[in-house]
Amino acid sequence: MSEEPKKIAVLKGGGSLERTVSLRSGARAQSALRRLGHEVVAIDVGADLVRQLLEVQPDAVFVALHGSDGEDGTVQGLLEAIGVPYTGSGPAACMRCTDKALAKYLMREAHIPTPEFAAFKESAIKDLGVAAALPSLERSIGFPIVAKPASQGSALGVKFARSAQELPGAIVGALSYDRKVVIERYIKGRDLAVSVLDAADGSLPADGSGAEPVALPVVEAIPREEEFYNYESRYEIGMTTFVCPAELPSGIAERAQELALETYRLLGCHGVARVDLMLEEETGELTVLETNVVPGLTETSLLPLAADAAEIWFDLLVQRILDSAFTR
Ligand SMILES: Nc1ncnc2c1ncn2[C@@H]1O[C@H](COP(=O)(O)OP(=O)(O)O)[C@@H](O)[C@H]1O
Ligand SMILES: [Mg+2]
């Protein structure tokens with residue numbers, strides 16, 4: 001199905017905080033799609049998105065939109081409403097992944113290890129007196145505590161609190177990015193990511209259904225400087241080195257891949273996703289932090305790096321993601 005040239009609309013940009021990254025992901029996807037022989041129409045997502053799609057009449061949409069509307073199921077729902085096939089996960093999976101609180105409750109129910117946590121809406125602080133519950137949450141979670149907006153990416157709004165004095169400030173900081181906050185146990189350890197890709201055409205069952213997802217090699221993000229509070233700038237100024245395949249103790253990579261696949265299936269992902277995990281230094285335990293349904297495709301993004309390590313070169317990666325539009 002992948003050999004025929006198609007008319008593909010690449011959705012990128014948009015109004016989210018991750019606009020710049022999305023423009024870069026989109027530009028790279030466009031070049032790859034052109035090299036693959038497809039006709040490409042780039043759409044910087046805005047108020048005239050639907051009108052443009054109706055005008056262009058693409059065979060499929062390649063979703064390269066990170067952050068809010070692109071990852072939270074809004075755009076996916078819209079594309080279903082107008083009947084255009086699109087890459088990646090459907091609306092429900094997007095909603096489950098983008099809401100870190102929901103994803104963590106689902107993982108906890110399914111016994112997929114995720115750091116101890118609590119989650120509440122801003123309104124619960126004002127209207128339900130959540131502040132009075134903080135001492136007992138602090139006891140059950142234990143310091144340091146991470147406070148993060150339930151739905152953001154690229155470490156935006158991730159705040160750290162070492163003590164009860166610092167916790168309210170961290171919560172308020174995270175709440176400036178979203179109306180819901182997740183507070184969770186800080187895991188001292190190594191930062192890992194496992195990308196999952198649906199199987200290539202060749203390995204599809206004859207009836208074209210039930211493609212088995214595969215986990216790519218593990219990527220480790222190694223900070224060049226252990227600066228607790230300056231988390232966001234660490235990403236901005238490139239103070240992180242990425243290693244793939246990560247050099248891990250025996251059995252850990254396999255276990256991380258297994259957890260990523262379990263999480264991918266649990267949340268109902270389709271096509272592609274990237275699962276972020278932590279490997280705790282003291283216990284050697286792996287926990288799942290979150291799942292990204294529209295992973296970055298830039299020169300420095302983790303998915304292309306992991307695909308390279310599996311000898312899935314960038315154009316093939318893009319074609320595989322495109323195929324996911326036709327296998328739903
Ligand atoms: N509980 C935690 N313990 C230690 N580090 C964390 C924790 N939560 C987040 N981080 C750090 O912040 C980064 C971003 O957090 P993550 O949950 O992946 O959200 P997002 O990538 O959507 O901003 C992680 O990759 C990790 O380095
Ligand atoms: Mg992450």
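Atoms within a ligand are numbered from 1 in the order they appear, just like the ligands themselves. Just so you know, these numbers use all the heavy atoms, side chains as well, and skip hydrogens, waters and symmetry mates.
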Examine the side chains of [X] and [Y] and answer whether a donor and an acceptor come within less than 3.5 Å of each other.
| X | Y | result |
| --- | --- | --- |
| Gln319 | His38 | yes |
| Asp178 | Ser151 | yes |
| Lys12 | Ser22 | no |
| Glu18 | Ser16 | no |

Distance under 4.0 Å to a non-hydrogen atom of [X]: what atoms of ligand 1 satisfy this?
| X | result |
| --- | --- |
| Glu184 | 1 (N), 2 (C), 7 (C), 8 (N) |
| Arg185 | 1 (N), 2 (C), 3 (N) |
| Glu290 | 16 (P), 17 (O), 18 (O), 19 (O), 20 (P), 21 (O), 22 (O) |
| Val146 | 1 (N), 2 (C), 3 (N), 7 (C), 8 (N) |

Item to check | Over 12 non-hydrogen atoms of neighbours within 6.0 angstrom of CZ in Arg179 | outcome: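 Open: at most 12 neighbouring heavy atoms sit under 6.0 Å from CZ of Arg179.
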Shortest heavy-atom approach to [atom] - which of [options]:
| atom | options | answer |
| --- | --- | --- |
| atom 24 (C) of ligand 1 | Thr98, Ile183, Leu289 | Leu289 |
| atom 22 (O) of ligand 1 | Lys104, Arg190, Lys100 | Lys100 |
| atom 8 (N) of ligand 1 | Lys148, Glu18, Glu116 | Lys148 |

Checklist entry - Heavy atom under 4.0 Å from ligand 1: found in Lys188's side chain, backbone, both, or neither? => result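 Contact part for Lys188 vs ligand 1: neither.
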Checklist entry - If you look at Glu290, which of its N/O/S atoms is nearest to the Mg ion (ligand 2)? => result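 Result for Glu290 and the Mg ion (ligand 2): OE2.
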Checklist entry - With respect to the Mg ion (ligand 2), what is the nearest N, O or S atom of Asp276? => result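 Of all N, O or S atoms in Asp276, the Mg ion (ligand 2) lies closest to OD2.
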Next on the checklist: Below 3.5 Å, N or O to N or O, backbone or side chain included: is there any such pair between Val158 and ligand 1?
Outcome noted: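 No, no N or O pair falls under 3.5 Å.
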Hey, does the side chain of [X] reach the backbone of [Y] with a donor-acceptor pair shorter than 3.5 angstrom?
| X | Y | answer |
| --- | --- | --- |
| His66 | Arg19 | no |
| Arg320 | Asp198 | yes |
| Lys180 | Asp99 | no |

